[in-house]
Amino acid sequence: MDFYKRASIVCQNIPYGTVVTYGQIALLCQKPKNSRQVGYALRTGKLGPNIPAHRILNASGILSGATSFETYDQQKILLESEGVTVIRTDKGWKTDLKKYQWKTTLDDALYFESVFKQNNI
DNA sequence: CGCAGGGCTCTAT
DNA sequence: GATAGAGCCCTGC
């Protein structure tokens with residue numbers, strides 16, 4: 001199986017106006033322990049182009065990857081353009097996970113699982 | 001082959 | 001919350 005391809009598919013299915021955590025991505029790829037690898041993959045572009053990386057945050061709702069965007073506030077701007085409120089904290093940009101986190105269900109997990117199986121990844 | 005480090009998380013205190 | 005410690009997994013040197 002190819003973790004990067006899986007992560008890529010999952011990322012491209014993140015609904016408009018929602019955010020997810022690295023851990024969720026890893027979970028949907030059937031690799032709960034790979035949260036850190038997700039961040040790595042995003043930073044190095046291993047997931048390919050057209051990845052809405054701005055919708056991916058750490059477990060605290062903080063835009064930990066903001067520094068990897070063109071400008072420090074690029075990620076914030078993209079999120080706000082989708083209707084996600086981003087606030088400034090001493091830790092960095094932050095969103096309200098309670099409101100905007102993509103709530104994945106078992107059905108979602110099963111759906112991705114079948115897609116992975118179909119594409120043999 | 002070892003080692004450090006990276007957009008992380010979870011549990012415990 | 002804040003802090004600390006321990007996993008986990010890849011890549012690059």
Side-chain angles (χ1 to χ4, degrees):
Chain A
M1 66 156 259
D2 190 325
F3 180 78
Y4 293 128
K5 286 183 182 174
R6 289 187 172 193
S8 180
I9 289 175
V10 173
C11 289
Q12 297 186 57
N13 275 280
I14 301 172
Y16 181 94
T18 68
V19 298
V20 288
T21 67
Y22 298 96
Q24 268 183 283
I25 302 289
L27 198 58
L28 291 172
C29 291
Q30 267 102 65
K31 288 284 189 179
K33 316 282 184 64
N34 287 30
S35 55
R36 207 165 183 178
Q37 191 189 347
V38 175
Y40 176 83
L42 284 173
R43 197 179 68 109
T44 56
K46 289 196 181 311
L47 302 189
N50 309 317
I51 296 295
H54 60 283
R55 298 187 188 137
I56 308 176
L57 331 172
N58 68 17
S60 304
I62 291 177
L63 286 56
S64 57
T67 53
S68 295
F69 284 74
E70 290 182 34
T71 61
Y72 177 61
D73 57 0
Q74 185 64 29
Q75 186 171 14
K76 163 189 174 289
I77 294 174
L78 287 170
L79 284 173
E80 290 190 325
S81 72
E82 298 188 357
V84 176
T85 301
V86 181
I87 61 176
R88 182 84 168 86
T89 72
D90 54 343
K91 307 291 183 189
W93 302 114
K94 180 183 175 185
T95 62
D96 187 348
L97 285 181
K98 289 187 184 61
K99 285 187 186 170
Y100 306 111
Q101 182 171 34
W102 178 29
K103 290 149 189 91
T104 50
T105 64
L106 179 58
D107 282 342
D108 294 318
L110 292 176
Y111 165 72
F112 283 121
E113 185 180 9
S114 71
V115 174
F116 299 152
K117 199 167 184 178
Q118 279 183 352
N119 298 55
N120 197 33
I121 54 180

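Below, read A as the first sequence line, B as the second, and so on, with proteins coming before strands; counting in each chain starts at 1. This one's a predicted model, so the numbers in the text were calculated from it and none came from an experiment.
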Could you identify the nucleotide paired to C:dC9, looking across every strand shown and requiring Watson-Crick or G-U wobble geometry with both distances under 3.5 Å?
B:dG6

Quick one: label A:I56 by what it contacts on the DNA or RNA (base, sugar-phosphate, nothing), any heavy atom closer than 4.0 Å.
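A:I56: base contact, heavy atoms under 4.0 Å.
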
With a 4.0 Å cut-off on heavy atoms, is A:A66 in touch with a base, just the backbone sugar-phosphate, or nothing at all?
nothing

Shortest non-hydrogen contact from [X] to [Y]?
{"X": "A:A53", "Y": "A:F69", "answer": "C-CZ, 3.9 Å"}
{"X": "A:I56", "Y": "A:Q75", "answer": "O-NE2, 3.5 Å"}
{"X": "A:T85", "Y": "A:Y100", "answer": "OG1-OH, 3.1 Å"}
{"X": "A:L47", "Y": "A:S8", "answer": "O-OG, 3.0 Å"}

Both A:K46 and A:K91 contact DNA chain C. Taking the nearest nucleotide for each, which residue is further toward the 5' end?
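The residue closer to the strand's 5' end, by nearest nucleotide, is A:K91.
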
Between A:Q30 and A:F116, is the side-chain contact (heavy atoms from CB on, under 4.5 Å) condition met? List the steps.
CA-CA 10 Å; A:Q30 267 102 65; A:F116 299 152; 4.0 Å; yes

Before giving the answer on side-chain contact (heavy atoms from CB on, under 4.5 Å), spell out for A:Q24 and A:Q101 the whole-Å C-alpha distance, their side-chain angles and the decisive distance to 0.1 Å.
CA-CA 10 Å; A:Q24 268 183 283; A:Q101 182 171 34; 2.8 Å; yes

Measure the shortest side-chain to side-chain distance between A:Q12 and A:I51 over non-hydrogen atoms and say whether it is less than 4.5 angstrom.
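The answer is yes, as the side chains (C-beta and beyond) meet within the 4.5 Å cut-off.
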
Can you tell me which residue among A:L28, A:L27, A:T104 is in a side-chain contact (heavy atoms from CB on, under 4.5 Å) with A:F112?
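Only one option passes, and that is A:L28.
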
Does any residue of residues 14-38 of chain A have a heavy atom under 4.0 Å from DNA chain C, and if so, which ones, in number order?
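Of all residues in residues 14-38 of chain A, the ones placing a heavy atom under 4.0 Å from DNA chain C are A:K33, A:N34, A:R36, A:Q37.
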
Taking any atom closer than 4.0 angstrom to a non-hydrogen atom of chain A, what span of DNA chain C does the protein reach, first nucleotide to last?
C:dG7 to C:dT11

